[in-house]
Amino acid sequence: MSGDMWRWTCLGLHLVFCTVGPSSATRLLPSHPKKPFLTFSSESTEISFNHLVVDKRKGSIYLGAINWIYKLSSDLVVEARHETGPDIDNPKCYPPRLVQPCNEPLTSTNNVNKMLLIDYKENRLIACGSLYQGICKLLRLDDLFKLGEPFHNKEHYLSGVNESGSVYGVIVSYSNMDDKLFIATAVDGKPEYFPTISSRKLPKNSEAEGMFAYVFHDEFVASMIKIPSDTFTIIPDFDIYYIYGFSSGNFVYFLTLQPEMISPSGSTTKEQVYTSKLVRLCKEDTAFNSYVELPIGCEKNGVEYRLLQAAYLSKAGSILARSLGILPEDDVLFTVFSKGQKRKLKSLDESALCIFLLKKINDRIKDRLQSCYRGEGTLDLAWLKVKDIHCSSALLTIDDNFCGLDMNAPLGVSEMVRGLPIFTEDQDRMTSVIAYIYKNHSLAFVGTKSGNLKKRLGTLPLGSFFWLSGYSSLGYLQGTPKGKFSPHPSPPPFPPISLDLV
């Protein structure tokens, strides 16, 4: 390895920097012998893996693939598998032929896994695919036995987009009632069929008629937001691409990538760019009056990183918390951005790993809510409100848990919230990230475009920058480099895992 691969930045009282060469770096490695990578490959080259989730209780690994769902042991031995396709279908059939005859030509069609989610409370796996406008199966965790497959109602069709990363789900659990499922999805120009974000019922009975029904729905209000058709007259290929989602406190969050039209400085014409935005909703808001979105990004040395690639929520840990002036149990959002705003599908190789403090994001949202309810500004949500709508004033107290009213909603924030850059990469674009606390340290593992897995140890921020105390490459992950990799969440000394993800 070159000296750059083992570069260590040492921050002392006077910010003394030092570099350790390869021979010295080897003494910093664990004393136990290097363990081999564990690998798992599909039986056919035509089967590619799309999603991976790990059972945090037992360590079992579930893989969502084209036409298959796999259950693996923690050492990557196949314990069960469930076939999901191919089947006769046509993406233009709505409702799908399972419900009524379709006049479109039907062909054998692969089922691309678009969402894989563990429902711990009911011991089941929610696996949603691309067949039949995006219906889902509920599978028993132990053996992948099919518990249910609702498809009769329009609420059962989550998204007809034939892409593996087009749907994201977050489960909100309750001790004394049925859980609910927040679903966010790209709609591929079909807003009349699919809401871009919604909350659904998740009954205990996997065959219940109300499975995936909207939490609330009447003639005027529903637990959903649809993209208005007028939006497509301004941006014909408009869609919202959901990169990550999570729940924290009283809220559910989604991180997105959205196209928008801007006027470059000195230009009289508009051009389309992509903006990364965080979306927040109250868990208990059935009318979605609490919907707020704000732009996020990262900047270092004058270079803007605005295209979100991946994100992961973790706790700060005591060492990082002390440096940032927060509590160890506070939420920290690790994010990966690529440079610029103009390319979504072919992002530039320059990328940055950045962190956001969730508390600061929530404080910014509260400030915006307070100013809007003082009557200042507009709702500032161009894709949803094509015309500017002014905020209305109201005398009320807006605290940290304010969940909106049927006025001043949904609401956008115009000023971007900037993250703290931890590390930048100019050659091998970072594409995925995961983080956890180990011995009070906050560790982040980053996957790259070429298949490398890198580890970061964050300790001390300086001004607006986040300095590294360590950097190492954990080796090459076998298989197609473009795949996103989610490492096993257990701390060392578990052996590294390699999966052929596409």
Side-chain angles (χ1 to χ4, degrees), residues 1-9 17 19 165 241-244 255-260 262 264-265 271-278 294-312 332-356 416-435 443-458 461-477 480-487 501-502:
M1 293 183 178
S2 67
D4 288 340
M5 290 291 286
W6 296 101
R7 188 175 302 274
W8 289 71
T9 303
F17 299 91
T19 301
Y241 305 93
Y242 294 89
I243 310 298
Y244 183 65
L255 275 70
T256 74
L257 202 57
Q258 305 177 17
E260 65 178 2
I262 66 168
S265 178
E271 66 176 357
Q272 181 173 313
V273 299
Y274 287 88
T275 298
S276 302
K277 292 187 177 183
L278 176 141
L294 79 166
I296 58 174
C298 206
E299 183 268 337
K300 184 175 182 181
N301 296 334
V303 179
E304 292 278 354
Y305 300 89
R306 300 288 299 277
L307 291 175
L308 184 68
Q309 304 290 304
Y312 192 84
V332 175
L333 190 59
F334 288 79
T335 58
V336 169
F337 291 87
S338 63
K339 179 182 174 181
Q341 279 186 274
K342 294 185 179 181
R343 303 183 184 183
K344 172 186 173 285
L345 298 178
K346 296 182 179 179
S347 299
L348 299 175
D349 284 337
E350 295 95 328
S351 56
L353 174 64
C354 308
I355 64 168
F356 294 83
M416 183 176 67
V417 175
R418 297 182 182 272
L420 301 175
I422 299 175
F423 177 77
T424 57
E425 170 63 60
D426 294 335
Q427 303 296 326
D428 192 9
R429 187 177 78 249
M430 294 179 280
T431 58
S432 58
V433 62
I434 194 171
L443 296 176
F445 290 83
V446 177
T448 71
K449 181 183 71 172
S450 66
N452 284 304
L453 178 64
K454 300 175 181 180
K455 179 175 70 176
R456 307 281 185 265
L457 174 64
L462 179 67
S464 62
F465 297 102
F466 195 98
W467 297 97
L468 297 178
S469 71
Y471 164 82
S472 64
S473 174
L474 299 186
Y476 183 79
L477 297 181
T480 307
K482 67 180 178 180
K484 293 188 175 182
F485 174 75
S486 298
L501 296 181
V502 174

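- When all heavy atoms of Val336 and Ser432 are compared, the pair lying nearest together is CG2-O, 4.2 Å.
- In this structure, the side chains of Ile422 and Ile355 come closer than 4.5 Å at one or more pairs of heavy atoms.
- Leu353 and Met430 make their closest contact through N-CE, 3.5 Å (heavy atoms, listed as atom of the first residue, atom of the second, distance).
- Of all heavy-atom pairs spanning Val417 and Phe356, the tightest one is O-CE2, 3.4 Å.
- Contacts of Tyr242 classified as ring pair (Phe, Tyr, Trp, His ring centres under 6.0 Å), with partners at least two apart in sequence or in another chain: Phe254.
- Taking CZ of Phe337 as the reference point, atom OG of Ser351 lies at 11.5 Å (rounded to 0.5 Å).
- Atom CZ of Arg306 and atom CD of Gln341 lie 4.0 Å apart (nearest 0.5 Å).
- Note that CZ of Arg429 is 9.5 Å distant from CG of Leu307, once rounded to the nearest 0.5 Å.
- One finds the NZ atom of Lys339 at 14.0 Å from the NZ atom of Lys300 (value rounded to the nearest 0.5 Å).
- Counting all heavy atoms, side chain and backbone alike, Pro421 lies closest to Cys354 at CA-SG, 3.9 Å.
- Of the charged side-chain nitrogens involved, at least one lies within less than 4.0 Å of a carboxylate oxygen, so that Glu304 and Arg418 count as a salt-bridged pair.
- Atom CD in Gln309 sits 10.5 Å away from atom NZ in Lys449 (nearest 0.5 Å).
- Checked against ring pair (Phe, Tyr, Trp, His ring centres under 6.0 Å), Tyr244 has the following partners two or more places apart in sequence or in another chain: Tyr168, Phe246.
- In terms of heavy atoms, Thr431 sits closest to Ala310 at O-CB, 3.4 Å.
- Between the side chains of Glu260 and Thr275, at least one donor-acceptor pair of N or O atoms lies under 3.5 Å.
- Closest approach of Lys277 and Pro295 over heavy atoms only: CG-CA, 3.9 Å.
- Side-chain contact check for Gln427 versus Asp349: every heavy-atom pair is 4.5 Å or farther apart.
- No side-chain heavy atom of Ile434 sits under 4.5 Å from any side-chain heavy atom of Phe334.
- Going from atom CG of Leu308 over to atom CG of Leu255 covers 5.5 Å, rounded to the nearest 0.5 Å.
- Contact annotation: the side chain of Glu350 never approaches that of Thr424 to less than 4.5 Å [non-hydrogen atoms, C-beta and beyond].
- Ser276 places no side-chain N or O within donor-acceptor distance of the main-chain N or O of Leu257, the cut-off being under 3.5 Å.
- In this structure, the side chain of Thr448 does not engage the main chain of Asp428 through any donor-acceptor pair within 3.5 Å.
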